[in-house]
There are 2 protein chains.
Amino acid sequence: MSLEEVAKRAKVGIGTLYRRFPTREALLAATSNERFLSVAESSRGRDADHDPGNALRKYLEELALNTSIYQNLAASLGTVIECGTPGCNAITEEGHRLLRRAKEAGVIRGDTSFDDIICVVIAISIAVEKDRSPESRIAHLVDLLLNGISVR
Amino acid sequence: MSLEEVAKRAKVGIGTLYRRFPTREALLAATSNERFLSVAESSRGRDADHDPGNALRKYLEELALNTSIYQNLAASLGTVIECGTPGCNAITEEGHRLLRRAKEAGVIRGDTSFDDIICVVIAISIAVEKDRSPESRIAHLVDLLLNGISVR
DNA sequence: AGATAAATGGAGGATTGCTCCACTTCTAAT
DNA sequence: ATTAGAAGTGGAGCAATCCTCCATTTATCT
């Protein structure tokens with residue numbers, strides 16, 4: 001979808017669109033803001049049950065699901081997530097928090113970074129972007145991330 | 001890099017470029033053909049030592065490394081790899097073979113598909129695309145894929 | 001040589017991104 | 001109510017790129 005088309009549908013001029021959202025990423029971030037806020041919020045609620053491993057798993061699944069909804073969001077997630085909207089900040093903070101707690105609880109390897117995780121969420125989102133109901137595939141891929149493909 | 005620029009540097013007209021490589025992916029595939037052939041070949045040689053787990057690991061590392069070399073190849077790897085050049089076919093066949101052997105040897109989960117693996121190779125390649133010497137980061141991410149982020 | 005086939009180059013239409021500035025609307029001070 | 005200045009808006013238009021189409025050149029065959 002071209003930005004001219006976006007402007008037309010929003011019934012504003014292309015100049016106005018560019019002033020409000022200087023980059024495509026800014027527009028995507030704004031579009032996903034509430035969605036991201038709600039992912040972060042429901043994750044915060046879940047953590048109350050003191051199961052850091054499961055909380056992390058659910059967070060990853062929901063983030064991947066919400067990232068795969070808008071075409072082309074997945075590929076730019078790395079940039080989008082750094083653009084400072086409340087939703088992006090909430091997602092980032094919550095991710096770091098979950099990772100820290102999971103490490104403290106000893107259920108996650110110490111050498112795992114938030115970047116590692118975002119990298120895999122991007123991959124999962126790209127992979128399922130065209131699926132109609134991607135939930136089960138996402139669950140499978142998140143499971144691969146958590147447990148690896150090796151037999152235990 | 002625009003395709004006009006590619007044509008100019010190759011000293012052919014833009015029409016000729018398009019006839020020989022109808023899509024960007026075809027051009028990328030042709031560019032990477034020898035590289036992919038050599039990855040597949042060295043992987044075949046390695047398998048002689050009857051360590052399927054290690055052979056798979058090396059294959060993944062080399063594929064990710066060679067995919068991250070050309071800017072923008074990573075994001076289209078899924079399409080590129082299906083385009084039928086000898087290199088792409090060799091990579092695909094070798095990947096399936098390694099996966100089958102590793103499963104037979106009981107070192108890889110049965111529910112892991114070749115698509116799952118390409119998906120993660122894409123992610124890894126995108127993540128390290130801008131790194132100067134990505135080898136160690138690739139090794140880390142491949143290790144995450146193989147062993148998961150959970151503590152064992 | 002002449003006819004036919006194959007390959008080539010690049011002009012040009014279409015799309016999209018993005019800037020710039022003439023114009024409109026709002027704000028607030030008198 | 002008037003008006004000067006600030007803030008906001010719209011869209012014309014340039015630049016970049018993609019890709020098609022066909023006049024021309026080059027190769028091949030008899």
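Naming: A, B, ... by sequence-line order, numbering from 1 per chain. Keep in mind that this is a model prediction, so the values were computed, not measured.
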Kindly give the heavy-atom pair with the smallest separation between [X] and [Y], and that separation in Å.
{"X": "A/R46", "Y": "A/Y59", "result": "NH2-N, 3.9 Å"}
{"X": "B/E129", "Y": "B/A74", "result": "OE2-CB, 3.6 Å"}
{"X": "B/I108", "Y": "B/A102", "result": "CG1-CB, 3.4 Å"}
{"X": "A/R137", "Y": "B/D115", "result": "NH2-CB, 4.5 Å"}

Item to check | ring pair (Phe, Tyr, Trp, His ring centres under 6.0 Å) partners of residues 103-143 of chain B, not counting sequence neighbours, each pair once | outcome: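 Output for this query lists B/H96-B/F114.
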
Checklist entry - How long is the line joining CZ of A/R20 and C1' of D/dG8, in whole Å? => result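 The answer, rounded to whole Å, is 9 Å.
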
Next on the checklist: Whole angstroms only, please: what is the CD-P distance between B/E5 and C/dG10?
Outcome noted: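 Those two atoms, CD and P, are 14 Å apart.
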
Checklist entry - When you check every protein heavy atom under 4.0 Å of nucleotides 14-23 of chain C, what one-letter string (B, S, -) results, 5' to 3'? => result --SBBB----

Checklist entry - Between B/T16 and C/dA7, does any side-chain N or O lie under 4.0 Å from OP1 or OP2? => result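 False: B/T16 side-chain N/O out of range (4.0 Å or more) of C/dA7 OP1/OP2.
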
Checklist entry - Is B/E41 atom CD crowded by more than 12 heavy atoms from other residues, nucleotides or ligands, each under 6.0 Å away? => result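 No, the 6.0 Å shell around CD holds no more than 12 heavy atoms from other groups.
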
Item to check | Residue pair A/L3 / A/L27, side-chain heavy-atom distance below 4.5 Å | outcome: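 A side-chain contact under 4.5 Å exists here.
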
Could you write out each protein N or O paired with an N or O of nucleotides 23-25 of chain D at a distance under 3.5 Å?
none

Checklist entry - Do B/E62 and B/S42 have side-chain N/O donor and acceptor atoms under 3.5 Å apart? => result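 The criterion, which ignores hydrogens and geometry beyond distance, is satisfied for B/S42 and B/E62.
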
